[in-house]
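What you are looking at is a predicted structure, and each value in this text was computed from that prediction instead of being measured.
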Amino acid sequence: MAELCRTDSTLTSLDEEMLWEMLESHRYRIVRSICPSRLTPYLRQAKVLGQLDEEEVLHSPRFTNTAMRAGHLLDLLRTRGKNGALAFLESLKFHNPDIYTKVTGLQPNVDFSGFSGLMETSKLTECLAGAISSLQEELSQEKGQKEALLQQCRRLQECLGQAEARAESLRQLEADHGRMQREVSAHFHEVLKLKDEMLNLSLHYSNALQEKELATTRCRSLQEELYLMKQELQREKVASSCERDFRERSLQMASVLEPGDEELNRLKEENEKLRSLTFSLAEKDILEQNLDEALESKQELVDRIHSLRERAAAAERQRKQAYSARDGAQMEISQNLTEKDALRRKVFELTDQVCELRQELRQQQAEALPGPKQEAGAREPCPRGKQRLVRMFAICPPDNGDCSCLSSAESQLWSDLSATSSRELVDSFRSSSPLPPSQQSLYKRAADNFREDPWSCSDFRETLEEDQGSRLGAKTGDTDLDYEIVDRADLPESESSLQPFSGGLYVSASNVPVRRRPARKILSQVTVLAFQGDTLLEQISIIGGNFTGIFIHGVTPGSAADEMALRPGTQIVMVDYEATEPSFKAVLEGTTLEQAVGLLRRVNGFCCLSVKVNTEGYKKLVQDLEAKVATSGDSFYIRVNLAMEGRAEGELQVRCNDILHVTDTWFQGRSCWHAHRVGPYSTQGTEHGTIPNYSRAQQLLIALLQDMAQQSTVPRKPSSGGPQKLVRIVSVDRTKASPLCSSFDWAQPDPSRAEDPSSVRFWAESCFTLVPYSLVHPHRPGRPRPVLFVPRVVGRILSEKLCLLQGFRKCLAEYLSQEEYDASSQRGDIIQEKEASGGRCWVTRRVVESLMEKDTHALLDVRLDSVHALHRMDIFPIILHVSVNEKVAKKLKKALQRLGTSEEQLLEAGRQEEGELDKVPCLYSSLVPDGWSDLDALLGCVRLAIADEQKKVVWTEQNPH
């Protein structure tokens, strides 16, 4: 005990500088560990801290965290000298003994005799009892908060378990989807095998028919031979009967007279002739055997034909079953995609519910805080994490005063000081008194400022930039923006009804003239206006679009937008709505009218609008609207990826791959677009009407795919002679900034934020989605465009013929050294790599442009995926698709033999490359098989198609990757 007293007396004996040097050396650890609200009661009892000092430390808006409050507490105690240091160290004994030990190197011992004597023992006991009671209250409150948090945590864990179960089901659905895709692929390969088998069977059948014809011919010849043999046999019988009669007559005549020699010789010669005309018995047997064999082979061929027909019928049945199975799989896949979208919407709804529960938890925590903290929170209506707003002008308090924030002692002090210094306040409105200025002082200040410069706002501007410049600059990062912030929530109720006064002054209900600062209108700068934008679209009306910009067209009188001096003709550049976390921010430059309406409709609370004055653009837009030259400020071109029938009146009937010019995305306030069909040779519109907007068109596309999957009984036809194309399947990933996502999405908020189900279509970004409309841009090449044939096998045949004509030359690949290849690759001049006998070679930009400069069409032999590289080089090739089928393969049989390619390879290449045409980012021309009969006719059709395509406008899409 003696040693402790000695060490405490050692601290007491230290001078002021050594004590504060000891504290300053541990300042960082002290401000990070102590809680000022626990130390201030003891310091007030020790009379080193006043009530105003305590209020400033605990409730000043300048200090946003505990470390800043603790640092300010140390600065105040340092002004109290040695007593402040000793009282602070003694307070550390009670509340932070570990910090006391680290600072002084002594063990804390709560002994009344060891204190410095700055306060009496009874007051010290009272202070300790108060501190213990406050700690117990805080402990009970923390226990209650802990229970509430535990309950909330259990609820969130249950929600998380449900979400994980749904995620597991989604993963199962994805696995089933992958399995179905594999099954579909396997069925597709089986169908291909069946097609190959059927082709082989048809070949065998044709061979059998030829053999049948040969057998029939042989049988006919054998029958003719048999008929001849029967005739010869009949003649032989007649001859033998004649010979027998002749012998009888000769014997009879021999008995009468001797025959002459001449007659005898004649008869012998006739006998020899008859013998030469007859067949032997062996030859007859051979002919009969051949006839029997021919009849047997004929019967075998007939039986074989019947078996082949049965196998062909079975193969056809299996083919129909495979088609039906594939259609069923496609329908299941579409249903799974629909269910997946529904589950994703449910996940978004659950996430929204979790956010609402968290907000309720924060409200409950705010309600559970002590009284002073509630009052401080009531004076801060801004969201958490946002800077405190600065008033644009000072308003004196009401006559009755605002005593809700003052204690009884402060109210008494206010009345005493007001009674003693009222004369001083009236005489000098520039008083340095800590009390708020009086009504007369405010009146004099406003009148004096108005007389000096009625339109000057520079003084307050400089003060605002000095106070809040660092925080505003850190938040926005844009030095060109001119900020004007008004906190209407902090104003008294009497200020909400300001009456106009001369010279830009406004008179409040208390008859105090107050000057309202209008928004600064600087044409070269962007002004940011912060105000309470409750139901913003009810305060303002907008016009414009992606081509002209979004303009304010009307302002509701008396609204918050009207008080911020927003007027028609003001262009909205950006909207920042921070009522929820994370902040919702979107740029309106380049957005369509439909997107702007959807964005501003979501604003319902405190917001920041970045605006600028664009009077000329607004006047021109209004003139066009009044003259009915345009219906909005939208203007862009799209490529339609599905066929739509205009059933209702005024709707435009469109085909797949049509080019439309959209001129209004909010036509007559409905969810439809107004568009013009664009001709192939110009960008001017011809027919016009309404089309579904992006979301409705996406739904129609999904429904059309489902209908096509269900029509399993429709016979499959080749693409060349089949019906018109109904769908072009294009899918993009939202996370890769596709052209449609970057052009038509309303904004780019944080992906983790949950949205309403009605707007899920614009905010779901981590999934693949079908694209009904593709954004396109027009080009008019002045030089001859290169030509690319599909399939490439047909292109090689046509290139050999076209090279003989004027105006066409092959684009040959060139060999490059490693340095040349690196330089060309760095510039992006490599189109495609090709394999050659001497090694690798490349098709480069230099070769293609050299041929184009010679007024020659370059004949390219590259893949379809090289079109993207050509478009990046501003080279727009002509793509000619020659539809192939079995008839075409037979027509090109000789040319294919010269290339060493079979008909089956041509058909397979045609199927593969035809499926890749949907991925090409431009339009293409097709030649049907019925339009030409031989290779020369095809060559003429190709030349006419190239000449026609050269005259057309080239429409290109942006690459989604």
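Taking SG of C153 as the reference point, atom CD of Q157 lies at 4.0 Å (rounded to 0.5 Å). Note that the OG atom of S25 and the CH2 atom of W20 stand 12.0 Å from one another [nearest 0.5 Å]. We find the CD-CD distance between E563 and Q532 to be 11.5 Å, quoted to the nearest 0.5 Å. A distance of 9.5 Å separates CD in E54 from CG in L73, rounded to the nearest 0.5 Å.
Contact of the L89 side chain with the L23 side chain is registered, since non-hydrogen atoms from C-beta on lie closer than 4.5 Å. Under the 4.5 Å side-chain criterion, counting only non-hydrogen atoms from C-beta, L566 is in contact with L529. E56 is listed as a side-chain neighbour of R62, based on a closest heavy-atom distance under 4.5 Å. At a threshold of 4.5 Å between non-hydrogen side-chain atoms, the residues L77 and V48 count as touching. L609 places none of its side-chain heavy atoms less than 4.5 Å from the side chain of V528. Contact annotation: the side chain of L58 approaches that of P36 to within less than 4.5 Å [non-hydrogen atoms, C-beta and beyond].
With sequence neighbours excluded, no residue satisfies side-chain hydrogen bond (donor to acceptor under 3.5 Å, both in side chains) with R154. Residues that satisfy the side-chain contact (heavy atoms from CB on, under 4.5 Å) test with R27, not counting sequence neighbours, are E24, V31, L74, D75. Residues satisfying the side-chain contact (heavy atoms from CB on, under 4.5 Å) criterion with T535, sequence neighbours excluded, are E538, N604.
With salt bridges taken as basic N to acidic carboxylate O contacts below 4.0 Å, one links D53 and R80.
Side chain to side chain, R155 and Q152 meet the donor-acceptor criterion of an N or O pair below 3.5 Å.
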Could you walk me through whether L49 and Y42 pass the side-chain contact (heavy atoms from CB on, under 4.5 Å) check? CA-CA 9 Å; L49 202 67; Y42 180 80; over 6 Å; no

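Although no hydrogens or angles enter the test, the distance criterion places a donor-acceptor pair under 3.5 Å between the side chain of H26 and the main chain of K102.
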